[in-house]
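Here's the structure, in structure tokens; my notes come after.
All values derive from a computational prediction rather than experimental measurement.
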Amino acid sequence: MEYDDRTAVINGLLDLAAFFEAHPDLPVPPYITVYYFPSQDSDAAQSAEIDQIAPVLGSDIDQEGGSRGHYATSRMFGPIEYRAVAVLATARARHEAESSYRGCIQPDPVPAA
């Protein structure tokens, strides 16, 4: 059996579940989202991959995300969400522009209490 990304994710999830079960005193989040992002460059190719994932999940395309430049679909497994998201060119450009000043602006020091 070849050890690939899929096997690593499955094993990691099983290990996490076993760890949570073995440590009932450890707090856990109320929900967890597992994200998948297509690696293709073009918006059309990314969207096509999301279109292929949606029927497997039995879910629709998230129409609200379109205004933010995201093309997505998801399915809940109890409090665990599997979410496949194409971050379209407009959203990537907006993020790059918003991040272009990162590290250039320094806030004033917080006064000691």
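Of all heavy-atom pairs spanning Pro38 and Ile50, the tightest one is CG-CD1, 3.8 Å. Pro30 and Pro79 make their closest contact through O-CB, 3.3 Å (heavy atoms, listed as atom of the first residue, atom of the second, distance). The shortest heavy-atom contact between Phe37 and Val85 is CD2-O, 3.3 Å. Scanning all heavy atoms of the two residues, the minimum distance from Ala45 to Ser42 falls at N-OG, 3.0 Å.
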Please assess Ser47 against Ile61 for the test side-chain contact (heavy atoms from CB on, under 4.5 Å), listing each intermediate value before the final yes or no.
-> CA-CA 10 Å; Ser47 297; Ile61 301 299; over 6 Å; no
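Note: Ser74 OG to Ile53 CD1 = 11.5 Å, rounded to the nearest 0.5 Å. The OG1 atom of Thr90 sits 8.5 Å away from the NE2 atom of His70 when rounded to the nearest 0.5 Å. Once rounded to the nearest 0.5 Å, the distance linking CD of Glu49 with CD of Gln46 reads 8.5 Å. Separating the CG atom in Asp62 from the OH atom in Tyr71 is a distance of 10.5 Å, to the nearest 0.5 Å.
Under a cut-off of 6.0 angstrom, the local environment of OH in Tyr31 is sparse, with at most 12 non-hydrogen atoms contributed by other residues, nucleotides or ligands. Counting non-hydrogen atoms of other residues, nucleotides and ligands closer than 6.0 Å to CG of Asp41 gives a total of 12 or fewer.
Of the possible donor and acceptor atoms, one in the side chain of Asp43 sits under 3.5 Å from a partner among the backbone N and O of Ala89. Within the 3.5 Å criterion, the main-chain N or O of Asp60 finds a donor-acceptor partner in the side chain of Thr73.
Leu16 and Val28 fall within the same hydrophobic cluster, defined by Ile, Leu, Val, Met, Phe, Trp and Tyr side-chain heavy atoms under 4.5 Å apart, directly or through other members. Clustering ILVMFWY residues whenever any of their side-chain heavy atoms sit less than 4.5 angstrom apart, transitively, puts Met76 in a cluster other than the one holding Ile32.
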